[in-house]
Amino acid sequence: MTVIAVIPARYGSTRFPGKPLHEIAGVPMVERVRRLALAAPSVARVIVATDDARIMDAVKGFGGEAVMTPESCRNGTERVFEAVKPFANADDVILNLQGDAPLTPPWVIEAVAGAMAADPALPMATPAVELSPDAYAKMAEAKAKGEVGGTTVVFGRDMNALYFSKAIIPFQREKAAGTPVYKHIGLYAYRFDTLSNLVALEPTPLEKAESLEQLRALENGVPVRVVLTSYQGRTPWSVDSPRDAEIAADIIAREGEIV
């Protein structure tokens, strides 16, 4: 079993063209994510899966590995699959790392990879963090304004996901009950055979309703292990605009480099 991290990096973006090559504190974003993956001890190989020669050349310029994938890929999951299907073994662990999350700590990546390595029967895993009261209040305020960012997850006693939602779940009928709310981190680990099966399936009703790909797994009976982790005081941030990149650079200046 080999743990292979794949970073889907598409050049064309309606909101932010060329986003993977945008520099954050002097380093292209895709290179920042690649370095984070390399810092996770269980990860044996890191591949950038792209559709553009400019990204490939930049990655290779840093000594990294990049492969060209079809422009026809509909999403990052399909791009990840196309990158590894020529060589991956059925039980290899494939990590799908978001290329626009340059502040994901290596220990979060390692927690998910470690869970897969520890249980060879586990088909899929993804991380989550418990929301603090302040973080919960901020998410609730954002949702009340109609913002869709941020996904929550609920899971059973076996730590397998019951549901993911853009809404805040569980609904807190009794506010004093204090039931924890867990925010999902958009990072996935699959056995290669699980990934292969999922990309061959049609989008499912709940997946389309919530616009959450991981629901395809649940609707088809594929267990998704939720791995609880922590940012250990670091500030998470995703980049969807040039302004987001400026904020990420400010966070790095304030908190220091992760790797």
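Because the structure is a prediction, the values reported are computed rather than measured.
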hydrophobic_cluster_shared for [Y] and [X], side chain cutoff 4.5 Å:
X: Leu218; Y: Met159; value: yes
X: Val226; Y: Leu212; value: yes
X: Tyr188; Y: Val48; value: no
X: Ile168; Y: Val148; value: no
X: Val129; Y: Leu162; value: no

Atom [atom1] of residue position [X] - does it have more than 12 heavy atoms of other residues, nucleotides or ligands inside 6.0 Å?
X: Glu202; atom1: CD; answer: no
X: Lys166; atom1: NZ; answer: yes
X: Glu71; atom1: CD; answer: no

With a 3.5 Å distance limit and no angle check, can you tell me whether [X] reaches the backbone of [Y] through a side-chain donor-acceptor pair?
X: Lys19; Y: Pro242; result: no
X: Trp107; Y: Ser230; result: yes
X: Arg216; Y: Leu201; result: yes
X: Asn220; Y: Val222; result: no
X: Arg191; Y: Ala90; result: no
X: Thr152; Y: Ile169; result: yes
X: Gln172; Y: Thr179; result: yes
X: Asp92; Y: Ala88; result: no
X: Thr69; Y: Ala83; result: no

From [X] [atom1] over to [Y] [atom2], what is the distance, rounded to the nearest 0.5 angstrom?
X: Trp237; Y: Ile24; atom1: CH2; atom2: CD1; answer: 11.5 Å
X: Ile252; Y: Ile258; atom1: CD1; atom2: CD1; answer: 7.5 Å
X: Thr126; Y: Phe164; atom1: OG1; atom2: CZ; answer: 5.5 Å
X: Leu131; Y: Tyr136; atom1: CG; atom2: OH; answer: 9.0 Å
X: Met29; Y: Leu103; atom1: CE; atom2: CG; answer: 10.0 Å
X: Asp244; Y: Asp100; atom1: CG; atom2: CG; answer: 9.0 Å

Check the orientation of Phe81 and Phe192. Use parallel for under 30°, tilted for 30 to 60°, and perpendicular for over 60°.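 Plane angle under 30°, so parallel.
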
Are the side chains of [Y] and [X] in contact, using a 4.5 Å heavy-atom criterion?
X: Val80; Y: Tyr190; value: no
X: Thr151; Y: Lys183; value: no
X: Tyr11; Y: Leu21; value: yes
X: Pro20; Y: Thr50; value: no
X: Cys73; Y: Glu82; value: yes
X: Leu97; Y: Ile109; value: yes
X: Pro120; Y: Asp91; value: no
X: Gln214; Y: Val153; value: no

Nearest heavy-atom neighbours spanning [X] and [Y]:
X: Lys208; Y: Pro203; result: CG-CB, 4.0 Å
X: Val6; Y: Ala49; result: CG1-CB, 3.8 Å
X: Ala115; Y: Leu122; result: O-CD2, 3.8 Å
X: Ala113; Y: Val3; result: CB-CG1, 4.1 Å
X: Gly150; Y: Lys143; result: O-NZ, 2.8 Å
X: Ala5; Y: Ala37; result: CB-CB, 4.1 Å

Task: Worked check of side chain to side chain donor-acceptor pair (under 3.5 Å) between Gln98 and Thr104 - done: CA-CA 9 Å; Gln98 288 191 13; Thr104 303; over 6 Å; no

Can you tell whether the side chains of [X] and [Y] come within less than 4.0 Å, N to carboxylate O?
X: Glu141; Y: Lys138; result: no
X: Arg34; Y: Glu31; result: yes
X: Arg32; Y: Glu257; result: yes

Query raised in the report: Is there a side chain to side chain donor-acceptor pair (under 3.5 Å) between Tyr163 and Glu210 once you walk through the steps?
Result: CA-CA 11 Å; Tyr163 195 65; Glu210 294 258 13; 3.0 Å; yes

Working for side chain to side chain contact (heavy atoms under 4.5 Å, CB included), residues Leu198 and Thr77: CA-CA 9 Å; Leu198 286 174; Thr77 305; 5.9 Å; no

Apply the test side chain to side chain contact (heavy atoms under 4.5 Å, CB included) to residues Ile4 and Ile47: give CA-CA distance (whole Å), side-chain angles for both, the deciding distance (0.1 Å), then the verdict. CA-CA 8 Å; Ile4 305 163; Ile47 302 170; 4.0 Å; yes

Only residue of Asp52, Asp57, Asp51 satisfying salt bridge (charged side-chain N to carboxylate O under 4.0 Å, His left out) with Arg54 is Asp52

(message) I'd like to know if the side chain of Glu219 pairs up with that of Thr204 as donor and acceptor (distance under 3.5 Å, no hydrogens or angles considered).
(response) yes

